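Notes follow the structure.
Small disclaimer: the values here were computed from a predicted structure and weren't measured. Index from 1, following the sequence.
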Amino acid sequence: MEKRFSKETLRRLRNDIPIHILIADFLNLPHKISEGYFRFLCPECSEFVTAVNPRTNLSRCFRCEKNFNTIDITMIVKRLNFREAVEYLLSIRRIG
Ligand SMILES: [Zn+2]
């Protein structure tokens, strides 16, 4: 009973929810502004060697050398599978 999401839905979830707002207000990851950059505690290595790119809406950990989009980071922080993370993001998008 795999629920399918359209490519357009997934694209919108990756692009339309500002990732710093997701991290700060919904996932409640520790975060700070440092040297003009939004930094968050990496959910994988627990370091602040991170940044977000407003242009691509990706968050990056320079220590893990990984990019996380909105779906990736939701899966990790909330320990959800892909489908659950997408449904969570759809639910907060309806609010916003
Ligand atoms: Zn990391």
Side-chain angles (χ1 to χ4, degrees):
M1 290 207 285
E2 178 73 6
K3 188 170 174 189
R4 303 280 299 203
F5 302 101
S6 73
K7 277 187 181 159
E8 178 60 16
T9 297
L10 297 177
R11 191 194 65 76
R12 286 208 190 127
L13 289 179
R14 291 190 188 104
N15 290 289
D16 293 356
I17 302 169
I19 196 151
H20 65 285
I21 292 176
L22 177 69
I23 288 170
D25 296 347
F26 291 96
L27 301 179
N28 298 313
L29 276 178
H31 58 279
K32 60 187 179 186
I33 305 286
S34 155
E35 296 157 12
Y37 291 96
F38 177 92
R39 308 205 190 268
F40 59 96
L41 196 70
C42 174
E44 300 223 295
C45 70
S46 297
E47 296 275 348
F48 268 107
V49 195
T50 55
V52 296
N53 183 334
R55 192 178 56 79
T56 58
N57 207 37
L58 290 171
S59 50
R60 178 163 181 84
C61 176
F62 297 100
R63 188 155 181 253
C64 296
E65 299 187 335
K66 272 189 195 170
N67 289 316
F68 307 104
N69 65 36
T70 55
I71 299 170
D72 300 328
I73 200 155
T74 299
M75 288 172 68
I76 297 166
V77 174
K78 295 184 80 69
R79 299 173 199 273
L80 299 175
N81 65 34
F82 182 83
R83 182 181 54 77
E84 291 165 339
V86 168
E87 288 184 346
Y88 173 78
L89 292 172
L90 284 171
S91 74
I92 66 174
R93 205 174 60 121
R94 273 184 218 112
I95 296 163

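- In this structure the side chain of Asn57 reaches within 4.5 angstrom of the side chain of Thr70, judged on heavy atoms.
- Taking 4.5 Å as the limit, every side-chain heavy atom of Lys66 sits out of range of all side-chain heavy atoms of Arg60.
- If you take CZ on Arg39 and OG on Ser34, they are separated by 4.5 Å, rounding to the nearest 0.5 Å.
- Annotation for Arg79: atom CZ does not count as buried by contact number, only 12 or fewer foreign heavy atoms lying within 6.0 Å.
- Two residues are said to be in side-chain contact when any heavy atoms from C-beta on lie closer than 4.5 Å; Leu13 and Arg93 meet this criterion.
- Residues Thr56 and Asn15 are not in side-chain contact: their nearest non-hydrogen atoms beyond the backbone lie 4.5 Å or more apart.
- Note that the SG atom of Cys64 and the CD atom of Glu47 stand 9.0 Å from one another [nearest 0.5 Å].
- Note: the hydrophobic cluster containing Ile73 also contains Leu90 (ILVMFWY, side chain heavy atoms under 4.5 Å, direct or indirect links).
- Of the possible donor and acceptor atoms, one in the side chain of Glu84 sits under 3.5 Å from a partner among the backbone N and O of Asn81.
- Between the side chain of Asp72 and the main chain of Asn69, a donor-acceptor pair closer than 3.5 Å is present.
- If you take SG on Cys61 and CZ on Phe48, they are separated by 11.5 Å, rounding to the nearest 0.5 Å.
- Using a 4.5 Å heavy-atom cutoff, the side chains of Val49 and Cys42 are not in contact.
- A continuous path of ILVMFWY side-chain contacts below 4.5 Å connects Ile21 to Phe38, so both sit in one hydrophobic cluster.
- Leu27 has its side chain out of reach of Phe40: every pair of non-hydrogen atoms, C-beta onward, lies at least 4.5 Å apart.
- Pro18 has its side chain out of reach of Pro54: every pair of non-hydrogen atoms, C-beta onward, lies at least 4.5 Å apart.
- Residues Thr74 and Phe68 are not in side-chain contact: their nearest non-hydrogen atoms beyond the backbone lie 4.5 Å or more apart.
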Could you give me the CA-CA distance, side-chain angles and deciding distance for Asn53 and Tyr37, then say whether side chain to side chain contact (heavy atoms under 4.5 Å, CB included) is met?
CA-CA 9 Å; Asn53 183 334; Tyr37 291 96; over 6 Å; no

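- Between atom CG of residue Leu80 and atom CD1 of residue Ile71 there is a gap of 11.5 Å, rounded to the nearest 0.5 Å.
- Crowding of Phe62 atom CZ: a count of heavy atoms from other residues, nucleotides or ligands under 6.0 Å exceeding 12.
- Interatomic distance, Leu89 CG to Arg14 CZ, rounded to the nearest 0.5 Å: 10.5 Å.
- Distance check, rounded to the nearest 0.5 Å: CG of Leu41 to CG of Asn28 gives 12.5 Å.
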Criterion side chain to side chain contact (heavy atoms under 4.5 Å, CB included) on Thr50 and Ser59, from CA distance to verdict:
CA-CA 7 Å; Thr50 55; Ser59 50; over 6 Å; no

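- Within 6.0 Å of CD in Glu8 there are more than 12 heavy atoms belonging to other residues, nucleotides or ligands.
- In the hydrophobic cluster analysis, where Ile, Leu, Val, Met, Phe, Trp and Tyr join through side-chain heavy atoms closer than 4.5 angstrom, Leu58 is grouped apart from Val77.
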